[in-house]
Enquirer: 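Just passing along the structure, written as structure tokens.
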Number of protein chains: 2
Amino acid sequence: MAVTAKDVAEACGVSRITVNRALSGNENVKPETREKILKKAQEMGYVPNLIARSLVNGKSKMIGIVISDIKNLYFSEIVDAITRQARARGYMVCTCTHDSDCQEEKRLIEMMKGYCVDGMILNCVNRGGEFKDWLDKLNMKYVILGYQLLPESYTVGVNENKSVKDVVRFLKAHGYNKQVFVVPPLYGEDGRINIPHYQRASGFQEEAKKQGCDYHILYGNDTNEQALEFLKKNTGEKPVFLCTGEMFAIPMQKFLKKNGYRAPKDYGLMTYDRLMYRFWNEEAIAAVDNHVDQIGTSVANAVIDLIEEKEIPMNIEVPYDLEEGTSL
Amino acid sequence: MAVTAKDVAEACGVSRITVNRALSGNENVKPETREKILKKAQEMGYVPNLIARSLVNGKSKMIGIVISDIKNLYFSEIVDAITRQARARGYMVCTCTHDSDCQEEKRLIEMMKGYCVDGMILNCVNRGGEFKDWLDKLNMKYVILGYQLLPESYTVGVNENKSVKDVVRFLKAHGYNKQVFVVPPLYGEDGRINIPHYQRASGFQEEAKKQGCDYHILYGNDTNEQALEFLKKNTGEKPVFLCTGEMFAIPMQKFLKKNGYRAPKDYGLMTYDRLMYRFWNEEAIAAVDNHVDQIGTSVANAVIDLIEEKEIPMNIEVPYDLEEGTSL
DNA sequence: CTGAAAGCGCTTACAG
DNA sequence: CTGAAAGCGCTTACAG
């Protein structure tokens with residue numbers, strides 16, 4: 001098997017403790033001995049066994065990430081940011097995906113515990129107090145991806161309720177009084193609610209009402225068609241569509257274009273995130289940029305702070321920006 | 001800290017060995033004792049410490065993935081496929097990224113060894129015999145992402161030299177005798193060659209010559225402009241551009257469109273991969289589909305087969321498809 | 001059916 | 001400056 005400290009020790013005619021001391025930079029080693037050990041270790045290709053070290057130290061320097069799907073651009077960008085920040089602070093990252101399967105999520109979290117990760121970052125599909133109790137019983141440190149997503153837990157994310165209110169005012173300031181919020185079904189096939197989308201939808205409603213806007217909500221799996229109907233029937237003011245994601249905004253833009261409606265001539269368009277945008281050099285849709293990389297960096301810092309026993313706020317808000325584009 | 005087998009044993013008034021036997025499904029435990037142990041373990045939230053197990057078993061059931069950048073769609077798709085296949089075979093995955101930094105790649109590989117991964121999947125930026133020697137000295141199992149990328153190593157990928165020849169014939173069969181290969185600089189800033197692109201370029205040249213095509217190669221950072229010039233000066237036959245990636249093909253298509261040239265009216269267009277395509281519902285560019293998910297599945301299987309001491313071929317070719325689109 | 005012993009590779013006191 | 005001892009949580013023989 002692999003070369004161990006013991007092998008190096010034998011090759012040098014000293015004890016493994018001395019080898020360890022030399023390698024760890026401890027001062028109490030005779031310079032010549034140290035030299036010899038370092039040289040031999042190098043020669044023999046000695047790499048310390050980190051899991052043995054974990055076992056005795058009680059810390060693994062590993063962070064577990066349990067998310068739904070890494071092919072999703074949102075997550076690949078977050079995982080990238082987490083990986084970088086974790087490495088910068090001396091941690092390695094293990095990622096696994098549960099495809100929004102509640103049972104699988106629990107299995108993976110237990111597995112992460114089994115591997116003794118020092119902390120976990122969760123994009124949890126399980127919800128509510130029962131899950132929270134189950135999680136706490138594991139006695140692990142964890143941070144939830146998503147602002148205030150799980151009660152009484154450490155969370156990191158954008159305050160969706162607040163940001164959408166900014167958007168309403170932003171659009172109003174751009175002269176749009178007729179505002180249409182476009183959102184896919186809030187409830188999944190399993191009957192569970194999509195909390196971030198719900199936070200946006202309810203915030204939109206509150207603020208649009210408050211601002212005296214003529215507001216509407218398009219909801220469901222056929223929002224493209226609904227939007228087209230809306231434009232056809234619309235009289236008077238030009239409306240703006242606020243889509244809850246690029247996955248909806250971009251196809252909608254194409255669909256409407258095919259049917260003779262163009263932004264910003266016939267309607268305004270705004271979306272969330274600019275993840276796909278980086279692949280193209282075309283006109284930008286106005287967007288709420290949630291700075292996904294910052295979310296990743298923040299959540300990595302949060303969980304590492306927890307691990308290192310630093311105090312952090314319960315719910316960390318990551319800032320967002322409203323970005324102009326050519327679609328308003 | 002966490003609940004150990006010892007804790008469960010004490011709670012049940014038996015030895016930890018008995019606990020272990022009950023939990024591992026060993027038959028030699030009195031049914032009542034087993035019942036009691038299973039119940040207590042469940043109650044106490046016992047999760048076996050997998051790194052302690054790794055230490056004694058000499059295998060961690062972890063696979064290390066060392067790649068350049070997970071934000072790259074190619075890699076996020078591969079990592080996704082690897083993760084799924086690895087889980088299906090009982091392995092967990094640790095991923096880290098080196099941003100094409102040769103030193104960092106070596107550090108990460110050593111770190112993976114330190115964490116006792118049973119095998120590694122590498123998208124290596126280091127090349128050549130010296131690296132190969134260094135790698136082998138670590139005495140780890142590894143598979144390289146990229147067909148025949150590192151000599152005398154297990155590799156998995158598409159046979160680029162072969163596939164591009166198919167493409168040349170495919171385009172010829174579509175009536176294109178004037179073929180233009182579009183490739184970014186083959187040498188990076190660091191002077192190292194991009195082997196897959198080189199394999200494609202040289203295969204293209206060989207086959208185009210053999211087929212008696214009127215062939216050209218556009219090469220560099222301004223291939224959009226070069227393509228436009230080419231079309232402007234072009235007389236006679238309609239050419240086809242074969243781009244080495246969507247990152248080049250899609251912007252080129254847009255650029256040419258802006259300048260009044262459209263595919264397939266004024267030119268033909270073919271590209272590699274359909275990774276971005278899944279985000280859109282627009283017309284498809286004809287493409288060599290490398291089935292990136294299959295590459296991921298294959299490379300996961302390859303490394304796990306190695307770990308489990310099964311025989312596998314040195315270089316595994318993953319099949320590709322030539323996909324029709326609306327651009328030819 | 002059950003347990004005491006040895007060991008995986010390391011670290012952390014403690015003794016010389 | 002150097003080493004023997006104990007222990008992290010588990011598993012694998014071996015003994016009763």
Side-chain angles (χ1 to χ4, degrees), chain A residues 1-38 40-41 44-62 110-118 139-140, chain B residues 1-38 40-41 44-62 110-118 139-140:
Chain A
M1 284 295 295
V3 178
T4 69
K6 193 176 157 204
D7 300 328
V8 178
E10 276 166 13
C12 295
V14 295
S15 74
R16 35 200 298 218
I17 299 102
T18 307
V19 168
N20 193 268
R21 261 196 281 261
L23 259 25
S24 67
N26 188 309
E27 289 187 343
N28 294 327
V29 183
K30 194 159 56 166
E32 310 139 54
T33 319
R34 140 167 295 122
E35 288 293 294
K36 189 160 105 191
I37 292 171
L38 291 181
K40 266 284 177 215
M44 300 172 73
Y46 172 72
V47 178
N49 184 324
L50 265 22
I51 65 173
R53 182 179 290 174
S54 300
L55 197 57
V56 4
N57 284 338
K59 51 186 97 145
S60 62
K61 291 282 189 174
M62 289 201 286
E110 278 186 339
M111 192 181 73
M112 286 296 174
K113 180 187 165 107
Y115 275 109
C116 300
V117 300
D118 294 333
N139 200 19
M140 298 284 293
Chain B
M1 283 298 294
V3 179
T4 70
K6 194 176 156 206
D7 299 328
V8 178
E10 277 167 11
C12 296
V14 297
S15 77
R16 35 199 299 217
I17 299 102
T18 307
V19 168
N20 194 267
R21 260 195 281 262
L23 259 25
S24 68
N26 188 308
E27 290 187 341
N28 293 327
V29 183
K30 193 160 55 167
E32 311 140 52
T33 319
R34 145 168 292 123
E35 287 294 294
K36 188 160 107 189
I37 292 172
L38 291 182
K40 265 287 178 212
M44 300 172 73
Y46 172 71
V47 178
N49 184 324
L50 266 23
I51 65 174
R53 182 179 291 172
S54 301
L55 197 56
V56 4
N57 285 339
K59 52 186 96 143
S60 62
K61 292 283 190 171
M62 289 200 287
E110 279 187 337
M111 192 180 71
M112 287 295 174
K113 180 187 165 106
Y115 275 108
C116 299
V117 299
D118 294 333
N139 199 22
M140 298 285 293

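Only this structure's heavy atoms are used, side chains among them; waters, hydrogens and symmetry mates stay out.
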Enquirer: What is the distance, to the nearest angstrom, from the CG atom on B:L55 to the P atom on D:dT12?
Expert: 13 Å
Enquirer: Report the distance from atom CD1 of A:I51 to atom P of C:dC8, rounded to the nearest whole Å.
Expert: 14 Å
Enquirer: So which protein N/O to nucleotides 2-5 of chain D N/O distances come out below 3.5 Å?
Expert:
{"residue": "D:dT2", "atom": "OP1", "partner": "A:T33", "partner atom": "OG1", "Å": "3.1"}
{"residue": "D:dT2", "atom": "OP2", "partner": "A:K30", "partner atom": "N", "Å": "2.9"}
{"residue": "D:dG3", "atom": "OP2", "partner": "A:S15", "partner atom": "N", "Å": "3.1"}
{"residue": "D:dG3", "atom": "OP2", "partner": "A:S15", "partner atom": "OG", "Å": "3.0"}
{"residue": "D:dG3", "atom": "OP2", "partner": "A:T18", "partner atom": "OG1", "Å": "2.5"}
{"residue": "D:dG3", "atom": "N7", "partner": "A:R21", "partner atom": "NH2", "Å": "2.6"}
{"residue": "D:dG3", "atom": "O6", "partner": "A:R21", "partner atom": "NH1", "Å": "3.3"}
{"residue": "D:dG3", "atom": "O6", "partner": "A:R21", "partner atom": "NH2", "Å": "3.4"}

Enquirer: Is there a donor-acceptor pair closer than 3.5 Å between any side-chain N or O of B:N57 and the backbone N or O of B:K59?
Expert: no
Enquirer: Nearest to the side chain of A:A5, heavy atoms from C-beta on, is which of D:dC10, C:dG9, C:dC10?
Expert: C:dC10
Enquirer: DNA chain D: stems of at least 3 consecutive Watson-Crick or G-U pairs, cut-off 3.5 Å?
Expert: C:1-3 with D:14-16, C:5-12 with D:5-12, C:14-16 with D:1-3
Enquirer: List in chain and number order the residues that pass side chain to side chain donor-acceptor pair (under 3.5 Å) with A:S54, two or more places apart in sequence or in another chain; answer none if no residue qualifies.
Expert: none
Enquirer: Compare side-chain N and O positions of A:Y46 against OP1 and OP2 of C:dC10 and report whether any pair is under 4.0 Å apart.
Expert: yes
Enquirer: In whole Å, what is the span from the CG atom of A:N57 to the C1' atom of C:dC10?
Expert: 8 Å
Enquirer: Measure CG/B:L50 against C1'/D:dC8 and give the value in whole Å, please.
Expert: 15 Å
Enquirer: Check whether any side-chain heavy atom of A:V3 lies under 4.5 Å from a side-chain heavy atom of A:V47, and answer yes or no.
Expert: no
Enquirer: Using the side chain to side chain contact (heavy atoms under 4.5 Å, CB included) criterion, which residues pair with A:K36? Sequence neighbours excluded.
Expert: A:C12
Enquirer: Measure NZ/A:K59 against P/C:dC10 and give the value in whole Å, please.
Expert: 18 Å
Enquirer: Do any pairs count as a side-chain hydrogen bond (donor to acceptor under 3.5 Å, both in side chains) and have a residue in residues 8-18 of chain A, sequence neighbours left out, and if so which ones?
Expert: A:S15-A:T18
Enquirer: What residues form a side chain to side chain contact (heavy atoms under 4.5 Å, CB included) with A:L23, not counting sequence neighbours?
Expert: A:V19, A:I37, A:L38, A:A41, A:Y46
Enquirer: Scan the side chains in residues 111-118 of chain B for donor-acceptor partners under 3.5 Å anywhere in the protein, sequence neighbours excluded, and list what turns up.
Expert:
{"residue": "B:K113", "atom": "NZ", "partner": "B:L138", "partner atom": "O", "Å": "2.6"}
{"residue": "B:Y115", "atom": "OH", "partner": "A:S60", "partner atom": "O", "Å": "2.8"}
{"residue": "B:Y115", "atom": "OH", "partner": "A:K61", "partner atom": "O", "Å": "3.3"}
{"residue": "B:D118", "atom": "OD1", "partner": "B:S60", "partner atom": "N", "Å": "2.8"}
{"residue": "B:D118", "atom": "OD1", "partner": "B:S60", "partner atom": "OG", "Å": "3.4"}
{"residue": "B:D118", "atom": "OD2", "partner": "B:S60", "partner atom": "N", "Å": "3.2"}
{"residue": "B:D118", "atom": "OD2", "partner": "B:K61", "partner atom": "N", "Å": "2.6"}

Enquirer: To the nearest Å, give me how far apart CE (A:M44) and P (C:dG9) are.
Expert: 13 Å
Enquirer: Could you tell me how far apart A:R53 (CZ) and C:dT12 (P) are, to the nearest whole angstrom?
Expert: 9 Å
Enquirer: Looking at side-chain heavy atoms only, is the closest gap between B:V14 and B:V8 below 4.5 Å?
Expert: no
Enquirer: With sequence neighbours left out, what residues match A:T33 under side chain to side chain donor-acceptor pair (under 3.5 Å)?
Expert: none
Enquirer: Roughly how many Å is it from NZ in A:K113 to C1' in D:dC10, rounded to a whole number?
Expert: 16 Å
